[in-house]
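What follows is a single structure, written as structure tokens, with notes after it.
By convention in this document, chain letters (A, B, ...) are assigned in the order of the sequence lines, proteins followed by strands, and residues within each chain are numbered from 1.
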Amino acid sequence: MEIKDFIYKFAEIFDDTDVATLAPDTKFRELNEWSSLSALGVIALADEEFGVELNGTEMRGANTIQSLFDLITSK
Amino acid sequence: MSKSVYLRAFCEQDASEINKWRNNPKVMSLTCGRFRYVGLDMEKVWVHDKIMNNITEEYFAICLMDGSDKIIGYQCIRNIDPVNRSAHAAGIVISPEYQDGTYMLDASLLLLEYAFIHIGLNRLTGSCLRQHSDSRAMMEMLGFSLEGIERESLYKEHCYMDVCRYSILYRDYTEILRNNGYTLKAIAKRAATIRKQLKKNSI
């Protein structure tokens, strides 16, 4: 999976966030719709699309969508 | 599943950190508690009281498991009723920088384990603001069932708010546990579905 495909999948976590507003350097925690459940959405995405198990501590090291993608694909 | 946090009893030094959260309207707006400014002196007395009086209520500091032992929040069970073996889970507060859901989830799972396994409760109740859909989703992800909605039972931020009342029984907890439903993976999968259902139904 390439980063652009990952961004589309990432956007599916949200209801109202337009995928066109997302880019690799987007700081995902600054998104209006980022909430206490969004991290769980990312964890489910990592599991379903990549077969990778993420935890909260690992996610804390990622700030942008690119760094999240790198984290998941490096596992 | 490895946890990102652990629970411990309060100690006197926790007062200054707790005081920062209790004086933060944004943090307190997510709870069913009323916001008010609390001085550090009063906080120290409050923490001391929680340390020394732990028969019908127990407060826990939520601390990082990363070796720093940093306190990032607190939660409690109160109204502990040894006859009916029930209690109320109340007031989980998490520092803003750790509010991504996973720390709260780990802390809540530890609280369920404490309530049902360590002190042998049969029923645990919980409540949250009706409008706070993430909290409601969190309750339902943990296995709590909605018992009812108290209409306009809380006056907060210049309006009356509905409060959702939830409960989970020992048998609910053990069934989910038996089916590996408390792994992070299983809970994450349930999260999106529950949140969308809540949004769709708006009940």
Taking [atom1] in [X] as the centre, count heavy atoms belonging to other residues, nucleotides or ligands within less than 6.0 Å. Is the count above 12?
X: A:K75; atom1: NZ; result: yes
X: B:R171; atom1: CZ; result: no
X: A:K9; atom1: NZ; result: no
X: B:M42; atom1: CE; result: no
X: A:D15; atom1: CG; result: yes
X: A:E2; atom1: CD; result: no

Residue A:E12 versus chain B: region with a heavy atom under 4.5 Å: backbone
Relative to chain B, which segment of A:L45 carries a heavy atom at a distance below 4.5 Å: side chain, backbone, both, or neither? neither
Residues B:L184 and A:L54: closest non-hydrogen pair is CD2-O, 3.3 Å
Kindly compute the distance separating CG (B:D66) from CZ (A:R60), expressed to the nearest 0.5 Å. 9.0 Å
Measure the CG-CE distance between A:L37 and B:M104 for me, rounded to the nearest 0.5 Å. 9.5 Å
Is any side-chain heavy atom of B:Q99 closer than 4.5 Å to a side-chain heavy atom of A:R29? no
Would you mind checking which part of B:M141 comes under 4.5 Å of any heavy atom in chain A, side chain (CB onward), backbone (N, CA, C, O), both or neither? side chain
